[in-house]
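So the structure is just underneath, and the comments pick up after that.
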Protein chains: 2
Amino acid sequence: MTPAAGPSRSHTATLTDVARLAGVSVATASKALNGRSQVRAETRQRVVEAAERLSFRPNQLARGLLAGRTGTVGLLTSDLEGRFGIPILMGAEDAFGAGEVAVFLCDARGDSIREQHHVRALLGRRVDGLIVVGSRTDPRPSLGRELPVPVVYAYAPSDDPADLSIVPDNVDAGRIAVQHLLTCGRTRIAHITGDPGYLAARDRADGARAALADAGLALVDEPRFGAWSEGWGRAATALLLDRHPDVDAVLCGSDQIARGVMDVLRERGQRVPEDVAVMGFDNWQVLTSGSRPLLTSVDMNLEQVGRAAAQALFGAIAGGAPRSGVETLPCRVVIRGSTAPLS
Amino acid sequence: MTPAAGPSRSHTATLTDVARLAGVSVATASKALNGRSQVRAETRQRVVEAAERLSFRPNQLARGLLAGRTGTVGLLTSDLEGRFGIPILMGAEDAFGAGEVAVFLCDARGDSIREQHHVRALLGRRVDGLIVVGSRTDPRPSLGRELPVPVVYAYAPSDDPADLSIVPDNVDAGRIAVQHLLTCGRTRIAHITGDPGYLAARDRADGARAALADAGLALVDEPRFGAWSEGWGRAATALLLDRHPDVDAVLCGSDQIARGVMDVLRERGQRVPEDVAVMGFDNWQVLTSGSRPLLTSVDMNLEQVGRAAAQALFGAIAGGAPRSGVETLPCRVVIRGSTAPLS
DNA sequence: AAACATGCCGAAAAGGCTTTCAGCAAGCTA
DNA sequence: TAGCTTGCTGAAAGCCTTTTCGGCATGTTT
């Protein structure tokens with residue numbers, strides 16, 4: 001057998017082949033394989049066996065062409081390397097994969113020209129719907145209302161309220177984080193967070209302030225906005241301790257920041273969590289599980305965001321009542337060693 | 001306009017519509033839009049305008065049905081959450097996206113049943129080829145030789161030498177890492193690495209030993225295998241310093257381990273890099289850029305692995321000479337603050 | 001003016017599948 | 001036995017595009 005002439009070259013079995021082998025017409029073969037009722041059991045059996053023998057796989061292209069539905073969706077992401085897109089993508093893939101939907105993955109790399117290109121290509125392939133995953137929770141431009149298929153935005157909401165967007169509830173995230181710290185008996189809580197240009201940073205700070213206000217308290221100092229990095233966590237902590245040595249909890253805008261904060265606390269002789277409790281956001285395993293002690297963090301349930309987006313899209317494709325607006329999903333606190341009740 | 005009856009419902013334009021609007025036959029319309037030469041310039045112009053007006057997008061399903069090629073490939077990954085799959089996926093998506101190929105993403109979650117299911121589904125959709133991305137460099141079971149489309153394995157090689165696999169060269173990675181440390185004038189080099197069940201750990205250790213042997217040196221102590229975690233890095237470093245306080249470099253099997261190593265070195269009063277140089281593997285940004293000093297690391301060029309796999313698959317689809325066996329791609333040292341010449 | 005080449009265009013088939021509808025045989029009732 | 005219902009099966013149309021090939025109107029040559 002020559003290298004190029006394996007079974008690879010043998011014409012893939014088609015329904016006609018199956019029908020011929022089973023001694024029936026293609027129509028009957030089709031009905032037999034699809035569980036239609038107008039086929040005698042014995043005939044169906046023959047067809048099924050023939051299909052088996054030829055390892056027949058119905059051509060989804062032909063099927064999609066006929067049905068007008070392809071059973072495919074496009075997943076448009078702006079940054080794959082960012083860590084937020086992945087869990088969402090997993091959740092969506094999971095929700096679809098359970099059914100019989102296949103996912104086209106496209107990375108626009110944050111470039112709207114590329115994005116437009118991908119949208120056109122996906123429409124050419126007649127996807128049944130689109131999920132758009134952003135890298136930040138700040139609103140992003142809508143793909144427009146003129147698309148021939150439903151679209152769901154995940155993580156980054158569309159700026160058009162007529163679109164449906166699924167996002168984590170960052171305000172509530174800030175609130176539950178503070179509530180956890182209050183539950184631990186902390187009252188002198190500082191907030192060190194990232195780039196104020198990010199809505200997520202502002203939302204979380206707002207939620208944190210609101211929860212404190214509900215308890216008749218306030219943040220120690222204003223929230224310190226900076227960068228989403230360990231370095232900023234370290235720098236801000238040094239400043240914080242100089243001005244407020246009596247702080248008993250630091251809520252950090254990200255796990256990276258929290259790592260920097262914990263490093264400096266340790267260097268300054270503050271024990272975590274005995275003297276100062278520390279919390280992060282994102283629940284990024286590589287960071288939370290490597291720190292000493294393990295880091296308590298707020299998980300944004302991104303996988304669930306992905307799943308919810310997939311389900312919403314599914315519903316829209318099936319023709320359910322169209323939803324719109326920004327729907328938020330709750331976050332959850334994952335408690336580890338860096339927070340504990342004051343003893 | 002009722003909510004359900006937007007332009008969404010308006011029948012997507014088809015070539016017939018374009019032809020009718022332009023006052024030509026579908027055959028002519030097709031030729032005009034595809035740059036075939038047997039069309040008068042003026043006629044072509046009319047057709048193009050009509051297509052524009054109707055925002056016509058040729059149906060790729062029909063096209064694929066006819067051509068026998070769909071311009072799609074399946075990307076089968078075993079673990080999306082693992083950090084190795086993503087860059088490979090990005091590289092592949094990039095290499096394909098440049099052309100006109102769309103990528104079906106499937107996550108098998110490490111389950112071979114799921115994997116089989118996905119393969120069948122993808123074949124049903126008549127993908128032109130398959131890329132299989134593993135989560136470890138240990139060989140994995142082949143998908144088999146009987147598939148009707150070419151397959152390329154990335155990161156995790158197939159156990160069938162008849163298949164083509166693209167993997168990073170971990171042995172060489174260990175070698176170049178040690179060479180860098182030698183260049184920095186280090187001679188008492190220890191190796192703390194991860195789970196010995198991983199081929200990557202053993203390969204890197206082998207490469208490191210080989211490079212040292214070439215220089216007439218040997219590792220300080222045997223490589224310390226353990227886990228891919230900061231915690232192990234800390235524990236192993238404590239042991240190491242007790243037995244070999246004169247060590248002047250630690251080569252770590254991953255960036256996580258390296259972070260743990262650096263933490264304990266600092267605690268024990270060893271300066272990095274003045275007293276002890278530290279290197280990691282993987283060049284994982286979140287870890288390398290958060291440490292003090294910034295961490296030198298070996299980058300496995302995973303994006304390039306993905307690109308190379310995509311290109312190989314592309315070649316195989318186009319019918320080029322079939323390649324087979326395991327092809328390795330070189331890694332590269334990314335020098336940062338944690339390694340420096342002895343002064 | 002006849003014969004020919006040339007340039008454009010359109011009818012039709014193909015690709016694989018599903019669905020509709022007509023046809024046919026067998027079994028039943030009157 | 002004629003007429004009817006039931007139960008299966010198959011022919012054919014349709015989904016959308018590309019490609020082949022025949023045909024028609026020019027323009028060109030002798």
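Per chain, numbering begins at 1; letters A, B, ... match sequence-line order. Just so it is clear, the structure is predicted and the values come from calculations on it, not from any experiment.
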Q) Could you give the CG-to-C1' distance, from A:Leu33 to C:dG16, as a whole number of Å? A) 13 Å
(Q) Without decimals, in angstroms, what is the distance between B:Arg36 CZ and D:dT17 P? (A) 15 Å
Q: Please state whether the phosphate of D:dC16, meaning OP1 or OP2, lies under 4.0 angstrom from any side-chain nitrogen or oxygen of B:Thr16.
A: no
Q. If you measure from the Lys or Arg side-chain nitrogens to the Asp or Glu carboxylate oxygens, is any gap between A:Arg140 and A:Asp159 under 4.0 Å?
A. no
Q: Rounded to the nearest angstrom, tell me the gap between atom CG in B:Leu15 and atom C1' in D:dC15.
A: 13 Å
Q. Under a 4.5 Å cut-off applied to non-hydrogen side-chain atoms, are B:Ser135 and B:Phe84 in contact?
A. no
(Q) Using side-chain heavy atoms (C-beta onward) and a distance below 4.5 Å, is A:Val149 in contact with A:Arg126? (A) no
Q. For the pair made of CZ in A:Arg69 and P in D:dC15, what is the distance, rounded to whole Å?
A. 18 Å
Q) Mind checking whether B:Val47 and B:Val18 have side chains closer than 4.5 Å, heavy atoms only? A) yes
**Q.** B:Arg109 and B:Asp111 ion-paired at < 4.0 Å
**A.** no
Pair up each side-chain donor or acceptor in residues 50-60 of chain A with any protein partner under 3.5 Å, not counting sequence neighbours, and list the distances.
unit_1  : atom_1 : unit_2   : atom_2 : d
A:Arg57 : NH1    : B:Arg120 : O      : 3.4
A:Asn59 : OD1    : A:Leu61  : N      : 2.7
A:Asn59 : OD1    : A:Ala62  : N      : 3.4

N/O-N/O pairs, protein side and nucleotides 9-12 of chain C side, under 3.5 Å:
unit_1 : atom_1 : unit_2  : atom_2 : d
C:dC9  : OP1    : B:Arg40 : NH2    : 3.1
C:dC9  : OP1    : B:Thr43 : OG1    : 2.4
C:dC9  : OP2    : B:Arg40 : N      : 2.9
C:dC9  : OP2    : B:Thr43 : OG1    : 3.4
C:dG10 : OP2    : B:Ser25 : N      : 2.9
C:dG10 : OP2    : B:Ser25 : OG     : 3.3
C:dG10 : OP2    : B:Thr28 : OG1    : 2.8
C:dG10 : O6     : B:Lys31 : NZ     : 2.6

Q: Please determine if a side-chain N or O atom of A:Ser30 lies less than 4.0 Å away from the OP1 or OP2 oxygen of C:dC17.
A: no
Q. Going by number, which of residues 61-68 of chain A have a non-hydrogen atom under 4.0 Å from DNA chain C?
A. A:Ala62, A:Arg63, A:Leu66
Q: Please report how far the helix from C:dA1-D:dT30 to C:dA30-D:dT1 bends, comparing the axis fitted to its first five pairs with the axis fitted to its last five, to the nearest 10 degrees.
A: 70°
(Q) Rounding to an integer number of Å, can you tell me how far A:Leu54 CG sits from C:dG16 P? (A) 14 Å
Q | A:Leu130 side chain reached by A:Leu143 side chain, heavy atoms, under 4.5 Å | A | yes
(Q) For B:Leu75 and B:Val73: C-alpha separation, side-chain torsions, deciding distance, then whether side-chain contact (heavy atoms from CB on, under 4.5 Å) applies. (A) CA-CA 7 Å; B:Leu75 203 153; B:Val73 303; 5.7 Å; no
Q) Rounded to the nearest Å, what distance is computed from the CG atom of residue B:Asn59 to the P atom of nucleotide C:dG16? A) 16 Å
Going by atom type alone, with no hydrogens or angles, which donor-acceptor pairs under 3.5 Å involve a side-chain atom of residues 86-103 of chain A and a protein atom two or more places apart or on another chain?
unit_1  : atom_1 : unit_2   : atom_2 : d
A:Glu93 : OE2    : B:Asp107 : N      : 2.9
A:Asp94 : OD2    : A:Arg307 : NH1    : 3.1

Q) Can you tell if the side chain of B:Leu76 reaches within under 4.5 Å of the side chain of B:Leu122, non-hydrogen atoms only? A) yes
Q. Is there side-chain contact between B:Met300 and B:Tyr155, with heavy atoms separated by less than 4.5 Å?
A. yes
Q: Pull out every residue in residues 116-130 of chain B that has a heavy atom closer than 4.0 Å to any atom of DNA chain D, ordered by number, or say none.
A: none
(Q) Any non-hydrogen side-chain atom of B:Leu329 less than 4.5 Å from a side-chain atom of B:Asn301? (A) no
Q.
Within the supplied structure, the quantity of interest is the number of heavy atoms (other residues, nucleotides, ligands) at a distance under 6.0 Å from A:Phe314 CZ; does it exceed 12?
A. no
